[in-house]
Amino acid sequence: MIQRFHLWLPSSRISDAQAKCPTSFSLSSRDKLKFVEHSDQRVELTVSAADCLFCRIIKSEIPAELIHRDDQCVVIADINPQAPTHLLVIPVEHIESLDEASQKDEALLGHLLRVAARVANGAGLADSGYRTVINTGAGAGQSVFHLHVHVLGGRSLSWPPG
Ligand code: 5GP
Ligand code: ZN
């Protein structure tokens with residue numbers, strides 16, 4: 001996904017440009033925002049999630065074992081499963097992490113959890129139990145910076161997690 005916005009502002013006012021960027025795009029990671037300052041005082045703001053692994057899986061550019069797909073999310077099998085069942089519930093929209101989700105995402109977050117329960121039931125985990133995990137930030141183990149819910153089950157799961 002690449003979005004371009006043309007903002008007619010003096011290039012010195014890049015913070016204004018950031019403020020005007022539609023809120024559906026994460027503004028916290030500057031490396032995903034590219035500012036090109038044109039000589040006519042135009043600031044071109046490019047927001048890119050083109051390199052995101054999960055965005056590429058959602059666009060079928062990278063193969064994955066697809067368990068479920070609807071208009072808001074996909075569920076795939078984790079490539080490096082940590083339990084006999086290890087699924088990832090991923091919103092179609094690129095949201096970097098739970099910390100980046102905002103009020104407008106409340107219904108989507110609820111949908112992700114409902115789908116997590118549905119696919120866990122579909123995998124036969126209802127009786128044995130299962131765990132849903134959202135790692136938020138590198139310090140908590142997040143390695144792919146596109147929000148996702150892990151669904152783990154099929155073995156006993158200890159607590160607290162490591
Ligand atoms: P995180 O560490 O961000 O909470 O979870 C990312 C998950 O994505 C990891 O469990 C990792 O095994 C999984 N993963 C990484 N690359 C791929 C991939 O190319 N395909 C699939 N299906 N899962 C992946
Ligand atoms: Zn993404």
Side-chain angles (χ1 to χ4, degrees), residues 1-5 17-18 21-36 44-125 128-162:
M1 173 180 59
I2 296 180
Q3 299 281 339
R4 288 199 170 79
F5 310 101
Q18 278 191 288
C21 180
T23 51
S24 55
F25 295 98
S26 158
L27 288 173
S28 67
S29 73
R30 288 289 299 257
D31 58 356
K32 285 221 170 93
L33 295 174
K34 196 170 135 217
F35 294 94
V36 179
E44 184 177 34
L45 173 56
T46 305
V47 182
S48 171
D51 296 330
C52 170
L53 172 66
F54 286 169
C55 282
R56 295 190 68 195
I57 286 176
I58 288 162
K59 285 186 283 183
S60 302
E61 289 176 5
I62 294 175
E65 186 187 336
L66 188 70
I67 309 296
H68 166 92
R69 178 170 213 134
D70 61 41
D71 58 338
Q72 296 179 76
C73 72
V74 299
V75 182
I76 60 170
D78 197 293
I79 204 168
N80 182 24
Q82 301 301 310
T85 298
H86 187 172
L87 307 176
L88 302 171
V89 184
I90 308 170
V92 170
E93 183 186 346
H94 179 89
I95 300 171
E96 270 195 27
S97 74
L98 186 61
D99 209 53
E100 293 296 318
S102 61
Q103 196 174 9
K104 75 165 181 52
D105 302 314
E106 280 182 3
L108 173 64
L109 294 173
H111 181 71
L112 299 179
L113 290 179
R114 291 269 301 129
V115 168
R118 212 179 308 152
V119 294
N121 274 258
L125 300 176
S128 57
Y130 54 91
R131 184 169 293 169
T132 50
V133 175
I134 302 175
N135 295 323
T136 303
Q142 186 175 6
S143 60
V144 178
F145 288 85
H146 179 137
L147 174 65
H148 50 282
V149 182
H150 295 259
V151 179
L152 298 140
R155 65 169 170 85
S156 68
L157 298 162
S158 60
W159 190 263

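In each ligand, atom 1 is the first atom listed, and ligand 1 is the first ligand listed.
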ask   = With sequence neighbours left out, what residues match Thr132 under side-chain contact (heavy atoms from CB on, under 4.5 Å)?
value = Ala116, Tyr130, Val149, Val151
note = The answer for which part of Asn135 has a heavy atom under 4.0 Å from ligand 1 is side chain
request  = Specify the protein heavy atom at minimum distance from atom 22 (N) of ligand 1: its residue, its atom name, and the distance to 0.1 Å.
outcome  = Ala77 O, 2.9 Å
Nearest-neighbour protein heavy atom for atom 23 (N) of ligand 1, which is reported as residue plus atom name and distance = Ile79 N, 3.3 Å
ask   = For ligand 1, is His148 a contact, meaning one of its heavy atoms is under 4.0 Å away?
value = yes
key: Cys52 atom SG and Cys55 atom SG as seen from the Zn ion (ligand 2), angle to 10 degrees   = 120°
inquiry  = When you measure from the heavy atoms of Gln82 to every atom of ligand 1, does any distance fall below 4.0 Å?
reply    = no
inquiry  = Which atom name would you report as the N, O or S atom of His94 nearest the Zn ion (ligand 2)?
reply    = ND1
key: Phe54: numbered ligand 1 atoms lying under 4.0 Å from its heavy atoms   = 8 (O)
Heavy-atom nearest neighbour in the protein, as seen from atom 9 (C) of ligand 1, with distance rounded to 0.1 Å = Asp78 OD2, 3.3 Å
message = Using a 3.5 Å distance criterion without hydrogens, assess whether the side chain of Arg114 forms a donor-acceptor pair with backbone atoms of Leu109.
response = no
inquiry  = I'd like the atom name of the N/O/S atom in His146 lying closest to the Zn ion (ligand 2).
reply    = ND1
inquiry  = Quick check on contacts: which atoms of ligand 1 are under 4.0 angstrom from a heavy atom of Asn80?
reply    = 12 (O)
request  = Taking ring pair (Phe, Tyr, Trp, His ring centres under 6.0 Å) as the test, write out the residues that go with His86, two or more places apart.
outcome  = His150
inquiry  = Taking 4.0 Å as the limit for heavy-atom contacts, which would you say applies to Ile62 with ligand 1: side chain only, backbone only, both, or neither?
reply    = neither
